[in-house]
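Here is the structure we will look at.
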2 protein chains.
Amino acid sequence: MSRPTIHDVARIAGVSLSTVDRVLNDREGVRRATRARVAEAMQQLGYERNIAAANLARRRQYRLLFVLPAGGNSFMRGLEREIGARAEAWEFTAISVTTVPPFDDAALAGALQSIDPAQTDGVAVVATDSAAVRAALAALRDRGVAVVTLVSDLPSSRRQHFVGIDNVQAGRTAASLLGRFCRGRTGSIVTVAGSMLVRDHAERRLGFEQVLRQEFSDQRVLPPLEGFDDQDIVAAQLAELLARTPDVVGIYSLGAGTRGVARAMAQARPDAPSVVVHELTAHSRQALLDGTFDAVIHQDPVREISVAVSLLQSLIEGGAIDPEAARIGIEVYLRDNLP
Amino acid sequence: MSRPTIHDVARIAGVSLSTVDRVLNDREGVRRATRARVAEAMQQLGYERNIAAANLARRRQYRLLFVLPAGGNSFMRGLEREIGARAEAWEFTAISVTTVPPFDDAALAGALQSIDPAQTDGVAVVATDSAAVRAALAALRDRGVAVVTLVSDLPSSRRQHFVGIDNVQAGRTAASLLGRFCRGRTGSIVTVAGSMLVRDHAERRLGFEQVLRQEFSDQRVLPPLEGFDDQDIVAAQLAELLARTPDVVGIYSLGAGTRGVARAMAQARPDAPSVVVHELTAHSRQALLDGTFDAVIHQDPVREISVAVSLLQSLIEGGAIDPEAARIGIEVYLRDNLP
DNA sequence: GTGAAAGCGCTAACAC
DNA sequence: GTGTTAGCGCTTTCAC
C-alpha cells in the first residue's frame, strides 16, 4: 500500500478535496464538526502531506534577502560566494544579497529600513548591536517580513531565530584547547578581537576567560587587542605586543583579520606560542598545515545558509520550527582533520 | 519570468512533450537529429529539470537495506535507532535494517547472500574484511543491486562508494590532540582497539602512530590492547595495564567499548592520563563532562545515514555523484562544544 | 519514431 | 460552507 493522499482522506471523511485542503492549511470556512471529521480521517489513515506536491501546485516564490557586512572578511566573503553558488539549488526561492559597511550600525539600520516589505518575504542579517538596528528589525516584522539573525545575534530584538554557533561555548572551547596545549608552560595568553561592539566577539571572549580563569588559573590573560578584523592592524598590534612580552605562551584570535596573526607569528621564536583562531579559510588552513596555528574553531557557512533559508521558509509559512534542525555546531579543526 | 519547463522546450524544438521526456531521460526511440534539436532548445532556454515534479509523477520506490553489526555497540545502536526514526522522512524510499553478529565475516557474508535482489535496490553495509564478504558484494552488484560501505570500508571490493570518515586521518587527529595534551609530560601512550580485523580500527591505529612517532617522538607508544568492543574486557585489560605501568600519560581508545575505559579510569590517580576516544554517546558525553575524557572524535550518524540514502538513490538512478556532498567530517568534541 | 492524453498529490479559482 | 475543475512540471501508457 502506498501512502494515503487527500483523496483517501476526503473519501473517508465524506467531504470534497477542497475541504480537506482547507483543514490541512488551516483556512477558514469549515464548520467545526466537518473539521473534526476530516481531522479524524487523517488520524485514522496516518495521513502525511506530500510537500513536494504542495509546492509544485502552489508555485510559490519565497523572496529572501541576506544582509552581510562588506569588507575583506574572508568568512563573510565565503558566505556571500556560497549563497550565490547555491541560489539556484532552492526550488521556489529567490535569494539576493546586500552588503553594508562592517561595524557600522547606522549603515546597517539604514539598509534594513530601505527594504521593501512588498518585495521581500524574509531577511537573514548579520547583526550589529544597536537600538537603531533593533528598531529597523521590529519595523520589518510589523510589515510581515520574517527575520533571522545570522552569525552574530541580537537576542533582545524581534528577530524570530538565530542561525549561528553559541559563541560563549565557542570561546570556552578555544580556552579548553589552548589551556591544554599550553600545559607545562606558564605565561601570558593574548586574545585578539575585532570589536567588542559585535556580540559574537564579546561572547567568545566571555567564554574564553571563564574557562581559562577557572581551569587554567596559572596563566595570565592579557587585556584583549582590538584589531577591527583588519589584518594590517592585527599584525602590527600583535607583533608589537609579542616583542614587548616575552612570556606569551598562547594566542586566541576570536574575530577575523586572522591573516594578521599569521604574519605576526612569521618571525616567531622556536618555542612559539600555541595559536587558536576562528573560521576556516584558505589562509587559516595554510597556517594550520605549516604549523603556525594549532587549531581552528569553525562554523559551517554552507550549513548556516541552508538552515537560514529553510528557517525563513517555515517562518513565512507560519510552520513549526525544530530547534535541533536549526543548530549550528562548533567545529574544531587541527591539521589532521581538515576537510 | 519563471523557469522554463518541458512545454517550453517542446515548443521551441517543435516536438511533443513525450519526445522531450525521452531525450531528458536518455531513452531510445528518438532520431539523432530530433535529439539534437531538443538538446539545443534546452541549452538555449537554460532548462533545468524539476526533480520534485519528476518524482511525483514517477512515484518510484527505492527499496534500501542497511546491514549493521549487532551487539551492545552504542554507536551502531544509535545508527539503527536513527534509521528507524527517519525512515518516514524520505519520500519514495522504503528502508529496512538487518543486524549480524559483530566481527564475524562468515555471518556477514551469509546475510549478504540471502538478500533477494528482486526485492532490494540498494544496500549499505558496515563491512568486515574478508574474501567471502567481497564475493557476496560482487554477487549483489552483478544482480543490479547498488552497494555502499558504511563506517568501515572495503576498498578493493566492488562497493560503489564508502560513507564514513577517513580513518587514517581520524587516528592522526587523535594523535595531534593527545600529543599536544601530553606535552610537558613524557611517558607511555596506550591504544585500545576493538579488533585489528576491521579496517577502520587498523587504519586509525596507523594514523595515530604516524603522527605520534613523527611529532611527539619522546612518548612511548605501547602495543595496542584488543578489547573486541566489549566494555568488560576493555576495563579489565586497561586497569591491569595501568596498575602495571605507572608512567602512562595518554590513552587513545579507537574502537567501541568506551565505557570500559571510563570504568578503568574511575580509580585513577590525581594527575590522570589524558584520554581521547571515539564516538559521542551518552556515556562518552558524560565522561567528557566529568573530566574523565579530554576529547571525543566523532562521526555524525544522522549525516551518514542521509548521505548513504541519497548516494544509493543516485547510484540506482545511474546519476552522477558529488564526492564533496558525500564527505563525512571528522568531528572533535571537548566538554565545551558538545551539541 | 513520435504524439495525445491521463495521471502523480496538492492548490486555487470559482461555482453553488 | 462546501464542491468542481483546471492546473503545477513531469512521466507513462498506448495510439498512430
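Bear in mind that the values here come from a model prediction, so they are computed numbers and not experimental data. Reminder, nothing fancy here: chain letters follow the sequence lines and each chain counts from 1.
- Among the heavy atoms of the strands lying under 4.0 Å from Arg27(A) are primed sugar atoms or P, OP1, OP2 only; no base atom is included.
- Helix-axis bend for the helix from dG1(C)-dC16(D) to dC16(C)-dG1(D): the local axis fitted to the five terminal pairs at one end deviates from that at the other end by 40°, rounded to 10°.
- Residues satisfying the side chain to side chain contact (heavy atoms under 4.5 Å, CB included) criterion with Arg285(A), sequence neighbours excluded, are Leu280(A), Leu289(A), Leu338(A), Pro339(A).
- Chain B approaches DNA chain D within less than 4.0 angstrom (heavy atoms of the protein), and the contacting nucleotides run 5' to 3' from dG9(D) to dT12(D).
- Closest-nucleotide positions on DNA chain C for Val30(B) and Ala57(B) were compared, and the one nearer the 5' end corresponds to Val30(B).
- Thr99(B) and Glu80(B) are not linked by any side-chain donor-acceptor pair at a separation below 3.5 angstrom, with hydrogens and angles left out of the test.
- Residues passing the side chain to side chain contact (heavy atoms under 4.5 Å, CB included) test with Thr128(A), sequence neighbours excluded: Asp105(A), Leu108(A), Val198(A).
- The only member of Thr149(B), Leu311(B), Ile328(B) that meets side-chain contact (heavy atoms from CB on, under 4.5 Å) when paired with Phe162(B) is Thr149(B).
- Among the heavy atoms of the strands, none lies under 4.0 Å from Asn55(A).
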Please tabulate, for the side chains in residues 39-51 of chain A, all donor-acceptor contacts under 3.5 angstrom to protein atoms that are two or more places apart in sequence or on a different chain.
residue	atom	partner	partner atom	Å
Arg49(A)	NH2	Asn25(A)	OD1	2.5
Asn50(A)	OD1	Ala52(A)	N	3.0
Asn50(A)	OD1	Ala53(A)	N	3.0

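- Salt-bridge annotation for Arg199(A) and Asp153(A): absent, with no side-chain N of the basic residue lying under 4.0 Å from a carboxylate O of the acidic one.
- When all heavy atoms of Thr120(A) and Leu65(A) are compared, the pair lying nearest together is CG2-CB, 4.2 Å.
- Within residues 33-53 of chain B, the residues approaching DNA chain C are Thr34(B), by heavy-atom distance under 4.0 Å.
- Atom CG in Asp300(B) sits 8.5 Å away from atom CD1 in Ile305(B) (nearest 0.5 Å).
- For Ser157(B), the side chain to side chain contact (heavy atoms under 4.5 Å, CB included) partners are Arg134(B), Leu137(B), Leu154(B), Arg159(B), not counting sequence neighbours.
- Residues Arg58(B) and Gly29(B) each lie close to DNA chain C; by heavy-atom proximity, the contact nearer the 5' end of the strand is made by Gly29(B).
- Using a 4.0 Å cut-off on heavy atoms, the residues of residues 8-20 of chain B that approach DNA chain C are Val15(B), Ser16(B), Ser18(B), Thr19(B), listed by number.
- The side chain to side chain contact (heavy atoms under 4.5 Å, CB included) check on Glu324(B) picks up Asp322(B), Arg327(B), with sequence neighbours excluded.
- Crowding of Arg158(A) atom CZ: a count of heavy atoms from other residues, nucleotides or ligands under 6.0 Å exceeding 12.
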Between Arg35(A) and Asp26(A), does the salt bridge (Lys or Arg N to Asp or Glu O under 4.0 Å) criterion hold? Intermediate values first, please. CA-CA 10 Å; Arg35(A) 190 176 289 276; Asp26(A) 232 358; 3.5 Å; yes
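- Considering only heavy atoms from C-beta on, Val307(A) stays 4.5 Å or farther from Val148(A) through its side chain.
- Checked against ring pair (Phe, Tyr, Trp, His ring centres under 6.0 Å), Tyr333(B) has the following partners two or more places apart in sequence or in another chain: His298(B).
- For Arg141(A), there are no salt bridge (Lys or Arg N to Asp or Glu O under 4.0 Å) partners at least two apart in sequence or on another chain.
- Using a 4.0 Å cutoff to heavy atoms of chain B, the contacted part of DNA chain C runs 5' to 3' from dG1(C) to dG9(C).
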